[in-house]
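Below is one structure, written out as structure tokens; the observations come after it.
In what follows, chains are A, B, ... by sequence order, proteins preceding strands, each numbered from 1.
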Amino acid sequence: MKQTTKTPLVEMRDISISFGGIKAVDHVSIDLHPGEVVGLLGHNGAGKSTLIKCLSGAYKADSGEIYINGERAEINNPRDARHYNIETIYQTLALADNLDAASNLFLGRELTTTTGFVNDARMEAETRKIMGRLNPNFRKFKDPVKALSGGQRQSVAIARAVYFNAKILIMDEPTAALGPQETQMVAELIQELKAQGLGIFLIEHDIHSVMHLCDRASVMKNGEMVGTVNVDEVTDEDILGMIILGKKPEGVAS
Amino acid sequence: MTQPNTATSTSSADARTGLVKRFLRATEIDTRLMGMIGALLAIWLGFHFYGVIFNGYGAFLTPRNLWNLSVQTSSIGIMATGMVLVIVTRHIDLSVGSILGFCAVIMGMMQVYVLPQMIGLGHPALWVLAVICGLVLGTLVGAFQGWLIAYRTIPAFIVTLGGLLVWRGVAYLVARGETISPLDSTFALLGGGPYGSVGATGSWIVGILGCAGVVFMLLNGRSQRRKFMFPQRPVWAELFLGALGCGAVLGSVVLVNSYPWPIGIVRAYAAKNNITIPEGGLFISHGFAIPVLILVTVGIAMTILMTRTRFGRYVFAIGGNPEAAELAGINTRWMTVKIFALMGFLTGLSSVVASARLNSATNALGTLDELYVIAAAVIGGTSLAGGVGTIYGAILGALVMQSLQTGMVLIGFDAAIQQIVVGSVLVIAVYLDILYRSKSK
């Protein structure tokens with residue numbers, strides 16, 4: 001990938017966070033440019049999700065800074081993150097199981113009527129619109145999301161992240177619960193969003209999807225950043241080596 | 001059912017269930033609600049005919065008893081609507097009975113000792129100030145407990161268990177164990193009684209407003225669905241729902257209007273207003289009691305709050321998945337404070353009704369109310385696992401609880417058996433609810 005001189009969309013500098021004396025993330029820096037997909041890899045417990053949660057506002061970093069478009073950003077909670085147009089698809093999906101798709105999609109950002117009441121009809125209509133694009137087979141608009149299949153739930157979570165004009169999208173294993181066809185759909189969506197100029201952090205275990213979808217790949221191990229590589233310049237064995245050995249292959253620039 | 005049954009004789013049973021299903025789908029009536037109303041009717045009929053058979057007189061299904069039942073339900077019902085929010089968000093409030101007693105004592109002190117000295121006995125604003133005082137106090141106590149729960153992360157069970165003891169003790173200290181009475185005469189009207197009711201004409205006005213509300217809701221629902229091109233209910237279903245709603249409202253008006261003032265009150269009233277009582281007595285209707293109207297108003301307001309506002313949506317979201325609610329940008333801690341403050345406000349309101357009804361305040365007022373309130377909410381379908389509950393369910397639950405108690409008093413069960421029955425019904429009701437939910441999944 002070409003070395004951009006433009007200011008990155010997101011820059012996380014020297015982020016550290018620990019839980020009960022265990023350093024979950026240890027002085028990690030990472031950046032993301034508009035129209036770029038950065039894959040984040042590593043073993044379970046390597047600190048990928050924790051790092052990303054500092055950006056989405058779920059955790060607050062013990063030290064380190066976050067810059068959005070070159071400006072210092074204070075992200076203390078998920079509301080702050082949304083304010084910076086950061087949207088997240090969590091591994092757990094973070095859906096309220098007892099509410100229907102529309103209520104989940106608009107949770108925290110409900111559409112209201114002029115009198116200030118929630119406008120359920122309009123929210124459902126909007127949900128039908130976006131689901132028609134993302135998952136045309138989706139029909140269960142009236143049911144609580146606990147009645148939905150894994151793939152349907154995933155599509156609700158994805159719809160929520162995409163609907164609100166995100167500039168920065170964090171996807172934590174977005175295809176973990178999906179079948180091949182739905183996985184393909186997510187891949188196409190990522191390409192489409194990338195073309196629209198979004199920056200995407202993609203946490204993913206499947207190296208082939210990373211090679212296929214990402215521009216750069218960052219590998220973490222035991223809370224530390226092993227390194228970041230341009231996907232074009234490495235093989236999947238190189239990345240696998242980084243994950244397992246925790247060493248950056250020689251002769252590869254980032 | 002007004003639909004003609006065209007099924008052939010061979011499959012008539014199948015066709016009938018199909019018809020019931022179609023009917024339920026078309027009218028979108030909640031089967032759970034139907035079950036609760038069915039249970040309520042069964043309790044009412046059971047007590048009535050038990051009386052007819054064993055005591056020679058059915059006292060339950062009389063205007064007098066049903067009117068009294070409505071008044072007795074008010075205090076628990078008002079609090080139960082708030083308890084729904086508390087339980088839906090996976091908390092519990094054990095302190096409402098004590099807070100009720102505490103608010104009642106303070107309001108009593110205000111009316112009897114403090115305000116008369118400040119603004120004079122019988123001042124028209126006296127009752128207003130006393131009520132405001134009680135509502136503010138309840139809200140503050142609730143908010144404080146909510147703060148301990150949300151920002152100091154002490155479990156709600158512990159905070160409110162402490163509150164159960166603390167506020168009862170404070171009430172005792174303030175009242176010094178005395179009964180504070182009589183309360184302001186206008187204040188006492190808020191508790192019901194012949195003067196604390198709106199009379200025949202007032203009840204008809206309330207009834208007509210109620211019917212207008214039913215019609216407006218149905219029309220508004222239709223126009224919303226048309227606007228977004230969602231499937232409509234069939235017209236016959238809309239008409240059925242309208243008739244059912246208006247029928248229930250007007251039926252209750254007829255009921256409360258057919259309960260006359262007792263003869264002594266009529267005599268006193270006639271003497272005071274120089275009316276000569278005609279032969280055969282003067283029939284003055286009670287009409288809706290004021291506490292019942294307060295309960296209905298609270299029920300409507302809380303239903304709107306829970307189903308039509310962001311606040312209500314967040315309550316359900318927190319109950320369904322607290323972590324997801326937080327990640328969706330909802331300030332769950334502040335929500336908890338607000339929910340407990342609202343519970344406190346409603347407890348204050350309930351305290352007004354309860355103390356006004358007795359025309360006195362004691363530190364024992366509301367003892368064990370927390371258990372009846374929780375039971376009402378749970379019988380009404382509020383899930384202790386969180387995320388599920390309705391306001392109308394809680395009010396119906398309060399009515400069920402009160403019906404059981406009243407019924408057992410009427411047929412002469414003693415207190416020990418009453419407790420056994422109420423306790424058993426609570427457990428059975430929740431078990432039936434669990435069965436219902438696991439089937440409907």
request  = Measure A:Thr88 against the heavy atoms of chain B and call it side chain, backbone, both or neither at under 4.5 Å.
outcome  = neither
request  = Any chance you could measure B:Phe316, atom CZ, to A:Asn98, atom CG, to the nearest 0.5 Å?
outcome  = 8.0 Å
key: CZ-CZ distance between A:Arg128 and B:Phe230, expressed to the nearest 0.5 angstrom   = 5.0 Å
ask   = Below 4.5 Å, heavy atoms only, C-beta onward: do A:Glu124 and B:Phe228 meet side chain to side chain?
value = no
request  = Check whether any side-chain heavy atom of A:Phe106 sits under 4.5 Å from a side-chain heavy atom of B:Arg310, and report yes or no.
outcome  = no
query = Counting heavy atoms not belonging to B:Phe157, are there more than 12 under 6.0 Å from its CZ?
reply = no
ask   = Checking A:Leu95 against chain B: side chain, backbone, both or neither under 4.5 Å from a heavy atom?
value = backbone
query = Which value, rounded to the nearest 0.5 Å, describes the distance between A:Thr92 atom OG1 and B:Asn321 atom CG?
reply = 7.0 Å
query = Among B:Lys227, B:Glu323, B:Glu326, B:Arg308, which has the most heavy-atom pairs under 4.5 Å with chain A?
reply = B:Arg308
key: Region of A:Ala147 in contact with chain B, defined by heavy-atom distances below 4.5 Å   = neither
inquiry  = Counting neighbours of CZ on B:Phe144 that are heavy atoms of other residues, nucleotides or ligands and sit closer than 6.0 Å, is the number greater than 12?
reply    = no
inquiry  = Can you tell me how far apart CD (B:Gln224) and CG (A:Asp120) are? Round to the nearest 0.5 Å.
reply    = 9.0 Å
query = Side chain, backbone, both or neither: which part of B:Ile304 has a non-hydrogen atom closer than 4.5 Å to chain A?
reply = side chain
query = Checking side-chain contact (heavy atoms from CB on, under 4.5 Å) for the pair B:Tyr314/A:Glu110: CA distance, chi angles, key distance, verdict?
reply = CA-CA 10 Å; B:Tyr314 295 168; A:Glu110 286 76 8; 2.8 Å; yes
ask   = Taking all non-hydrogen atoms of both residues, which atom of B:Ala324 and which atom of A:Ala96 are closest, and how far apart?
value = CB-N, 4.2 Å
key: Contact winner vs chain A - B:Leu327, B:Ile330, B:Asn331, heavy-atom pairs under 4.5 Å   = B:Leu327
key: Region of A:Tyr90 that comes under 4.5 Å of a non-hydrogen atom in chain B   = side chain
message = Looking only at heavy atoms and a cut-off of under 4.5 Å, which of B:Gly320, B:Gly386, B:Gly319, B:Ala328 has the most pairs with chain A?
response = B:Ala328
message = Tell me if the CD atom of A:Glu71 is crowded by more than 12 foreign heavy atoms within 6.0 Å.
response = no
